Amino acid sequence: MIEEGHIVMAKKKRNELWIITGAAGTGKNTVSEYLYTQYGIPRVLTHTTRPPRAGEKDGVSYYFETPESFAQKHLIEQVTYDGHQYGSSREALQKAWATHRIVSLVLDTEGAKSYIRTFGDHIFLLFITVHHPDSLRQRMIDRGDAPVAVEARLHSPEYRRDLKLPAELAPVAHIIHNDTWVEAKQEIDRLLKQEAIRMAAEEF
Ligand SMILES: Nc1nc2c(ncn2[C@@H]2O[C@H](COP(=O)(O)OP(=O)(O)O)[C@@H](O)[C@H]2O)c(=O)[nH]1
Ligand SMILES: Nc1ncnc2c1ncn2[C@@H]1O[C@H](COP(=O)(O)OP(=O)(O)O)[C@@H](O)[C@H]1O
């Protein structure tokens, strides 16, 4: 746009979606919670037919659905994970982006692939992993998961699949090793600083 001899450059700020993926127990929700408490980055809630765990509340952890109510949602992608359905809606994302430029979303690796294909360069991808997956059983037990649910989860094909970063995600993934929270937190802080600088430069 040209005004009175001056060139006015109006650049639209780009929204970002921080996708947090990885196997069960690696710390996806812990990272999402940290992004919110430390940086005010809210999480986009998704829908599931999985029963709530101890301490989980509808509308806070997930929107807990019956198979019938789940079928009525308008979801942009959905997966079956360990026998339960999970899905995310465009409405929830747009609502979160209406008030926050950066938001987070916790997904399995299949969901992460769908989002990369749909939202391309709006995505900032975190893959959470640990060097010793044997420790994840105890983390899930300590979290309060029922032992039978933990065993089902550990034997599910989706859990085993998500221990490894898929080749399709590797070029864009930022890998966070969460063997210790101190180490993971440092890496997240570093990435946020780096991304804030990049976003600020983009606005010039
Ligand atoms: N694709 C997809 N995955 C989801 C969605 N909501 C949750 N998930 C993933 O489903 C998997 C199982 O979630 P959950 O039962 O909460 O187990 P957790 O990984 O032990 O916390 C995790 O990898 C979640 O990130 C969704 O809407 N879409
Ligand atoms: N670095 C860590 N060391 C030990 N326990 C952890 C660490 N990070 C997270 N946890 C705990 O492990 C459990 C699983 O973490 P969570 O964030 O729920 O994983 P996910 O969302 O990937 O299933 C939680 O009880 C969490 O407090």
Side-chain angles (χ1 to χ4, degrees), residues 17-37 43-58 60-65 70 73-93 96 103-119 123 125-166 169 176-188:
L17 175 57
W18 282 45
I19 290 181
I20 306 165
T21 193
T26 52
K28 300 181 298 298
N29 284 296
T30 304
V31 170
S32 164
E33 188 63 28
Y34 179 69
L35 289 179
Y36 183 62
T37 53
R43 172 177 171 187
V44 180
L45 285 193
T46 63
H47 302 260
T48 184
T49 60
R50 166 171 78 63
R53 295 177 186 137
E56 285 187 329
K57 288 197 173 62
D58 185 46
V60 179
S61 314
Y62 278 106
Y63 297 114
F64 291 102
E65 310 285 353
F70 186 89
K73 303 292 164 213
H74 299 105
L75 303 173
I76 51 173
E77 60 82 42
Q78 57 182 290
V79 295
T80 300
Y81 188 107
D82 188 16
H84 300 292
Q85 290 170 283
Y86 297 81
S88 53
S89 73
R90 190 178 287 269
E91 289 84 347
L93 176 59
V103 301
S104 82
L105 181 60
V106 178
L107 297 173
D108 75 341
T109 57
E110 275 305 300
K113 286 186 200 169
S114 302
Y115 269 80
I116 296 276
R117 290 181 204 132
T118 310
F119 292 98
I123 306 295
L125 182 69
L126 301 181
F127 179 75
I128 318 298
T129 186
V130 294
H131 285 104
H132 302 289
D134 292 353
S135 63
L136 299 180
R137 173 184 272 107
Q138 195 55 46
R139 286 196 192 178
M140 288 185 237
I141 296 284
D142 292 347
R143 181 170 67 181
D145 296 15
V148 64
V150 172
E151 292 315 311
R153 174 57 45 91
L154 292 173
H155 290 96
S156 70
E158 293 83 15
Y159 167 80
R160 292 191 209 167
R161 176 199 66 200
D162 286 357
L163 283 171
K164 198 166 168 278
L165 178 63
L169 300 180
I176 306 282
H177 288 105
N178 185 22
D179 299 298
T180 69
W181 179 239
V182 172
E183 172 190 32
K185 202 156 68 86
Q186 271 175 5
E187 186 56 13
I188 294 163

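Every number for a ligand or one of its atoms is a count from 1 in the order of the listing. This structure is a prediction, so every number in the text was calculated from the model and none was measured.
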Should you measure from each heavy atom of [X], which atoms of ligand 1 turn up under 4.0 Å away?
X: A24; result: 19 (O), 20 (O)
X: G111; result: 1 (N)
X: N29; result: 21 (O)
X: R143; result: 20 (O), 21 (O)

What residue and atom, counting heavy atoms only, is the protein's closest point to [atom], and at what distance?
atom: atom 7 (C) of ligand 2; value: R139 NH1, 3.6 Å
atom: atom 21 (O) of ligand 2; value: N29 ND2, 2.6 Å
atom: atom 19 (O) of ligand 2; value: G27 N, 3.2 Å
atom: atom 17 (O) of ligand 2; value: T30 OG1, 2.5 Å
atom: atom 9 (C) of ligand 1; value: D108 N, 3.5 Å
atom: atom 5 (C) of ligand 1; value: Y86 CB, 3.6 Å
atom: atom 19 (O) of ligand 1; value: K28 NZ, 3.0 Å
atom: atom 13 (O) of ligand 1; value: Y62 OH, 3.2 Å
atom: atom 6 (N) of ligand 1; value: T46 OG1, 2.8 Å
atom: atom 25 (O) of ligand 1; value: L107 C, 3.1 Å

Test item, [X] contacting ligand 1 (heavy atom, 4.0 angstrom):
X: M140; result: no
X: Q78; result: no
X: R50; result: yes

Query raised in the report: Any idea how H177 and H131 line up, ring-wise: parallel (<30°), tilted (30 to 60°), or perpendicular (>60°)?
Result: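 It falls in the parallel class, under 30°.
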Requested in this report: Please step through side-chain contact (heavy atoms from CB on, under 4.5 Å) for the pair L125 and Y115, ending with a clear verdict.
Outcome: CA-CA 10 Å; L125 182 69; Y115 269 80; over 6 Å; no
Answer yes or no: is there a donor N or O on one side and an acceptor on the other, between the side chain of [X] and the main chain of [Y], under 3.5 Å?
X: T80; Y: Q85; answer: no
X: T109; Y: D162; answer: no
X: S104; Y: S32; answer: no

Could you report the tightest heavy-atom contact between [X] and [Y], atom names first, then the distance?
X: F127; Y: K164; answer: CZ-C, 3.7 Å
X: Y159; Y: M140; answer: CE1-CE, 4.2 Å
X: D179; Y: R139; answer: O-NH2, 3.5 Å
X: F70; Y: Y86; answer: CZ-C, 3.6 Å
X: S88; Y: E77; answer: OG-OE2, 2.6 Å
X: V103; Y: A96; answer: CG1-CB, 3.7 Å

Query raised in the report: Hey, looking at atom 23 (O) of ligand 2, which of R153, E183, R143 has the closest heavy atom?
Result: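 Looking at heavy atoms only, the winner is R143.
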Query - Heavy-atom nearest neighbour of atom 20 (P) of ligand 2 within options A23, G25, S135, S32 - result: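 Residue with the shortest heavy-atom distance to the ligand atom: G25.
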Requested in this report: Check R53, R137, R153 against D145 for a salt bridge (Lys or Arg N to Asp or Glu O under 4.0 Å) and give me the one that passes.
Outcome: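 Checked R53, R137, R153 against D145; only one passes salt bridge (Lys or Arg N to Asp or Glu O under 4.0 Å): R53.
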**Report entry** Proximal atoms of ligand 2 relative to N178 (non-hydrogen, under 4.0 Å)
**Finding:**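 Close to N178: 1 (N), 2 (C), 7 (C), 8 (N), 9 (C).
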Query - For W181, the ligand 2 atoms whose distance to one of its heavy atoms is below 4.0 Å - result: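 Close to W181: 1 (N).
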Report task. Walk me through it: do K113 and E110 pass the test salt bridge (Lys or Arg N to Asp or Glu O under 4.0 Å)? Result -> CA-CA 5 Å; K113 286 186 200 169; E110 275 305 300; 3.1 Å; yes
Report task. Evaluate the side-chain contact (heavy atoms from CB on, under 4.5 Å) criterion for residues I141 and V150: first the C-alpha distance (whole Å), next the side-chain angles of each, then the deciding distance (0.1 Å), finally the verdict. Result -> CA-CA 7 Å; I141 296 284; V150 172; 4.0 Å; yes
Query raised in the report: Can D82 and R50 be counted as an ion pair, charged N to O under 4.0 angstrom?
Result: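 Here D82 does not pair with R50 in a salt bridge, since their nearest N and O are not under 4.0 Å apart.
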Is the contact between [X] and ligand 1 made by the side chain, the backbone, both, or neither, using heavy atoms and a 4.0 Å cut-off?
X: V79; value: side chain
X: K73; value: neither
X: R139; value: neither

Query raised in the report: Applying a strict 4.0 Å limit to heavy atoms, is A24 in contact with ligand 2?
Result: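 Yes.
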Requested in this report: Record the part of D142 in heavy-atom contact with ligand 2 below 4.0 Å; permitted values are side chain, backbone, both and neither.
Outcome: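 Under 4.0 Å from ligand 2, D142 contributes no heavy atoms.
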Query raised in the report: Does A184 approach ligand 2 within less than 4.0 angstrom via side chain, backbone, both or neither, non-hydrogen atoms only?
Result: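 For A184, there is no contact with ligand 2 at all, from either part.
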Sub-3.5 Å N/O-N/O distance, [X] and ligand 1:
X: R153; result: yes
X: G87; result: yes
X: E77; result: yes

Query raised in the report: Is the shortest heavy-atom distance from the side chain of D58 to the side chain of Y63 under 4.5 Å?
Result: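 When only atoms from C-beta onward are counted, Y63 and D58 do touch, with a gap below 4.5 Å.
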Requested in this report: In sequence, state the C-alpha distance, the side-chain angles, and the governing distance for L105 and L93, and then conclude on side-chain contact (heavy atoms from CB on, under 4.5 Å).
Outcome: CA-CA 9 Å; L105 181 60; L93 176 59; 5.8 Å; no
